[in-house]
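Residues take their numbers from the sequence shown, with the count starting at 1.
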Amino acid sequence: MSDIGTGAESAVNDAVNSAANATDGPFAVYVRKARPNMCEASTLRGEHWRIGILTESLTRFEWSDSGKFEDNLTQMVVNRDFGADPQCTVTHRY
């Protein structure tokens with residue numbers, strides 16, 4: 001995955017953020033309740049990577065050459081924090 005910030009993605013984020021600032025309508029209400037940030041307790045980070053355990057069966061893998069990540073709303077994903085920490089086991093192998 002390349003760095004965040006392409007023109008198309010910026011345009012989508014601008015459109016969604018504009019809708020989020022609207023004062024009425026079902027989409028505005030839905031977006032105001034959005035939680036685009038991943039739960040910190042369920043996130044693993046390295047210098048250029050980030051892994052988010054979203055649910056017991058959904059994991060998000062990200063790479064950024066700059067090491068910077070953004071958690072903005074997209075057309076596909078509005079919520080990345082589902083309110084409860086997923087149940088998982090971490091095994092370290094050396």
Side-chain angles (χ1 to χ4, degrees):
M1 183 183 265
S2 63
D3 286 336
I4 303 297
T6 64
E9 186 166 321
S10 294
V12 168
N13 287 335
D14 290 345
V16 172
N17 290 332
S18 293
N21 292 325
T23 57
D24 59 358
F27 185 69
V29 172
Y30 178 72
V31 171
R32 269 190 240 112
K33 294 179 182 178
R35 294 183 310 273
N37 294 341
M38 288 188 288
C39 177
E40 287 297 321
S42 302
T43 305
L44 306 169
R45 297 174 181 266
E47 186 175 348
H48 296 283
W49 55 269
R50 179 169 76 168
I51 301 171
I53 315 260
L54 302 174
T55 70
E56 286 83 3
S57 60
L58 180 60
T59 305
R60 181 178 183 182
F61 297 90
E62 299 174 275
W63 178 268
S64 170
D65 289 334
S66 69
K68 296 178 183 176
F69 298 95
E70 294 183 17
D71 291 319
N72 292 321
L73 302 174
T74 66
Q75 288 181 334
M76 294 298 293
V77 179
V78 177
N79 294 322
R80 292 186 184 97
D81 180 354
F82 296 103
D85 291 338
Q87 301 298 312
C88 60
T89 303
V90 177
T91 303
H92 296 277
R93 296 184 181 171
Y94 301 96

Does the distance from a Lys or Arg side-chain N to an Asp or Glu carboxylate O, for R60 and E62, drop under 4.0 Å?
yes

With sequence neighbours excluded, residues passing side-chain hydrogen bond (donor to acceptor under 3.5 Å, both in side chains) with E40
R45

For I51, enumerate each residue passing the side-chain contact (heavy atoms from CB on, under 4.5 Å) test, keeping only those at least two apart in sequence or located in another chain.
L44, W49, T59, F61

Donor-acceptor pair, side chain of H48 and main chain of W63, under 3.5 angstrom:
no

